[in-house]
Visitor: 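I'd like to ask you about the structure that follows.
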Amino acid sequence: MNVSVKCEDSDGCVTELSAQEINVIDFKEVQLNENIKRIFSIHNNGKFSFTFSWELSGPAAHKQVLAITPQTGAVQAEGKAETQLAFHPQKMCSLKDTELTLQISKGPTFTCVFLATVVVPTVHFSTTKLSFGDCFIYHAGMPPARQTIVMTNKADKDVRYVFSAHSFGPCLRRACFMSS
């Protein structure tokens with residue numbers, strides 16, 4: 001069977017997988033709640049179609065932070081199929097003892113293991129407490145209560161954040177909703 005499998009990382013670097021060796025998928029440094037993806041291209045260089053299936057094995061907690069889609073599929077003769085592997089750690093974890101296996105019907109098996117270092121984003125806030133004092137019912141022309149928080153990223157990697165007024169307490173919630 002004439003099949004090749006390639007893995008592309010987020011930087012566009014492509015690595016060909018080997019059916020004779022264990023392949024290492026290195027996610028490098030991943031921040032909590034970051035979503036890292038790898039794209040696998042399964043190339044059928046032969047004259048006959050085949051099917052494939054992916055299987056994640058290892059501790060159940062690891063399967064919650066890794067997802068492969070689609071898990072099964074078919075590749076037509078001289079065609080290709082793509083699958084996506086996503087790693088989304090929501091707490092500190094290790095991917096030790098986790099394997100990803102690609103089985104080609106009546107063909108080779110490709111086995112991958114993972115390397116990853118999960119880190120907490122190093123973001124500094126100018127304050128962790130805010131007091132708006134008494135919150136009055138908003139009326140037209142009244143300036144909303146405001147305070148400034150300065151966030152500083154002390155890491156080498158960009159940090160994406162989503163601001164939610166619900167995270168900052170009931171007084172801020174009232175001020176945000178009444179002033180809008």
Side-chain angles (χ1 to χ4, degrees), residues 1-46 49-105 107-126 149-164 167:
M1 178 158 296
N2 197 351
V3 60
S4 64
V5 181
K6 296 178 180 173
C7 177
E8 182 178 347
D9 68 15
S10 53
D11 295 327
C13 184
V14 177
T15 306
E16 186 157 351
L17 302 186
S18 170
Q20 285 74 40
E21 300 174 13
I22 293 179
N23 302 279
V24 177
I25 307 296
D26 189 356
F27 288 109
K28 298 181 176 80
E29 198 172 87
V30 180
Q31 293 180 2
L32 280 177
N33 295 311
E34 189 174 4
N35 196 7
I36 299 294
K37 294 181 169 84
R38 297 289 184 268
I39 304 295
F40 291 95
S41 298
I42 305 166
H43 298 265
N44 182 352
N45 304 315
S49 300
F50 61 75
T51 59
F52 65 87
S53 64
W54 292 95
E55 182 183 354
L56 267 170
S57 61
H62 297 178
K63 294 178 186 178
Q64 293 175 359
V65 297
L66 289 165
I68 185 108
T69 52
Q71 287 187 306
T72 60
V75 184
Q76 300 302 315
E78 298 184 12
K80 83 172 186 175
E82 287 191 346
T83 57
Q84 178 179 276
L85 174 68
F87 177 44
H88 184 69
Q90 296 173 330
K91 60 183 178 180
M92 300 302 285
C93 66
S94 162
L95 295 177
K96 186 179 180 203
D97 302 324
T98 304
E99 279 189 358
L100 177 65
T101 306
L102 170 63
Q103 177 63 60
I104 306 296
S105 62
T109 299
F110 297 84
T111 303
C112 302
V113 295
F114 303 100
L115 292 176
T117 303
V118 179
V119 296
V120 177
T122 51
V123 177
H124 176 263
F125 291 87
S126 59
I149 301 173
V150 177
M151 291 176 30
T152 307
N153 180 8
K154 297 194 173 195
D156 296 332
K157 197 172 188 180
D158 291 343
V159 175
R160 188 180 136 248
Y161 69 93
V162 177
F163 174 78
S164 170
S167 322

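Position 1 is the first residue of the sequence; numbering continues from there.
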Visitor: Between Trp54 and Phe40, is a side chain to side chain contact (heavy atoms under 4.5 Å, CB included) present by the stated rule, with each step listed?
Guide: CA-CA 11 Å; Trp54 292 95; Phe40 291 95; 3.7 Å; yes
Visitor: If we only count heavy atoms from C-beta on, is the Val118 to Leu32 side-chain gap below 4.5 Å?
Guide: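 Of all side-chain heavy-atom pairs linking Leu32 with Val118, at least one is under 4.5 Å.
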Visitor: If you count every heavy atom of other residues, nucleotides or ligands that lies below 6.0 Å from Ile22 atom CD1, does the total exceed 12?
Guide: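 For Ile22, atom CD1 is not crowded (no more than 12 foreign heavy atoms under 6.0 Å).
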Visitor: Run the side chain to side chain contact (heavy atoms under 4.5 Å, CB included) check on Phe52 and Val3 step by step: do they pass?
Guide: CA-CA 11 Å; Phe52 65 87; Val3 60; over 6 Å; no
Visitor: So do the side chains of Glu16 and Ser4 get within less than 4.5 Å of each other, counting heavy atoms only?
Guide: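 Side chain of Glu16 against side chain of Ser4, heavy atoms only: contact under 4.5 Å found.
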Visitor: For the OG1 atom of Thr15 and the CD atom of Glu8, what is their distance to the nearest 0.5 Å?
Guide: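 Those atoms lie 9.5 Å apart.
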Visitor: Can you pull out every salt bridge (Lys or Arg N to Asp or Glu O under 4.0 Å) where at least one residue sits in residues 82-100? Sequence neighbours excluded, please.
Guide: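 Sorted result for residues 82-100: Lys80-Glu82.
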Visitor: Could you tell me if the side chain of Ile25 sits less than 4.5 Å from the side chain of Leu100, heavy atoms only?
Guide: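 A side-chain contact is absent here, since even the closest heavy-atom pair is not under 4.5 Å.
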Visitor: For Val65 and Cys93, which heavy atoms make the closest approach, and how far apart are they?
Guide: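 That would be CG2-SG, 4.4 Å.
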Visitor: To the nearest 0.5 Å, what is the distance between CG (Leu85) and CD1 (Ile39)?
Guide: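 Interatomic distance, Leu85 CG to Ile39 CD1, rounded to 0.5 Å: 9.0 Å.
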Visitor: May I ask you to check whether Thr109 and Gln103 show a side-chain donor-acceptor distance below 3.5 Å?
Guide: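 Per modelled atom types, Thr109 and Gln103 side chains form a pair under 3.5 Å.
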Visitor: Quick check for you: to the nearest 0.5 Å, what is the distance between Gln71 atom CD and Thr83 atom OG1?
Guide: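 OG1 of Thr83 is found 10.0 Å from CD of Gln71.
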Visitor: Does the side chain of Val120 come within less than 4.5 Å of Gln31's, by heavy atoms?
Guide: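 The answer is no, as the side chains (C-beta and beyond) never meet within the 4.5 Å cut-off.
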Visitor: Check the pair Ile104 / Asn44 against side chain to side chain contact (heavy atoms under 4.5 Å, CB included), numbers first and verdict last.
Guide: CA-CA 10 Å; Ile104 306 296; Asn44 182 352; over 6 Å; no
Visitor: Would Ser49 and Gln76 count as having a side-chain donor-acceptor pair, cut-off 3.5 Å?
Guide: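 Yes, side-chain donor-acceptor contact under 3.5 Å.
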Visitor: Which pair of heavy atoms, one from Pro108 and one from Ala19, lies closest together, and at what distance?
Guide: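 It is CB-CB, 3.8 Å.
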Visitor: Which label fits Phe114 and Phe27: parallel for a plane angle under 30°, tilted from 30 to 60°, or perpendicular past 60°?
Guide: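 The rings of Phe114 and Phe27 lie parallel, inter-plane angle below 30°.
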Visitor: Is Arg38 reaching over with its side chain to a backbone N or O of Asp26, donor-acceptor style, under 3.5 angstrom?
Guide: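 Checked: pair present.
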Visitor: Side chains of Thr51 and Thr72, heavy atoms from C-beta outward: is any pair under 4.5 Å?
Guide: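 Answer no - side chains too far apart.
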Visitor: Indicate yes or no for a side-chain donor-acceptor contact from Asp11 to the backbone of Cys13 under 3.5 Å, with no hydrogens or angles considered.
Guide: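 Looks like no, no N/O pair under 3.5 Å.
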Visitor: Looking at Glu34, is its backbone amide N or carbonyl O close enough to the side chain of His88 to form a donor-acceptor pair, meaning the two atoms are under 3.5 Å apart?
Guide: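 Looks like yes, one N/O pair under 3.5 Å.
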Visitor: Could you list the residues that satisfy ring-ring contact (aromatic ring centres under 6.0 Å, His included) with Phe50, not counting sequence neighbours?
Guide: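 Phe50 satisfies ring-ring contact (aromatic ring centres under 6.0 Å, His included) with no residue once adjacent residues are dropped.
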Visitor: Hey, could you give me the CG/CD distance between Asn33 and Gln90, rounded to the nearest 0.5 Å?
Guide: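 It comes to 6.0 Å.
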Visitor: Give, for atom CG of Leu66 and atom CG of Leu56, the distance between the pair rounded to the nearest 0.5 Å.
Guide: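 Answer rounded to 0.5 Å: 5.5 Å.
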Visitor: What distance do Leu115 atom CG and Lys28 atom NZ have between them, rounded to the nearest 0.5 Å?
Guide: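 It is 10.0 Å, given to the nearest 0.5 Å.
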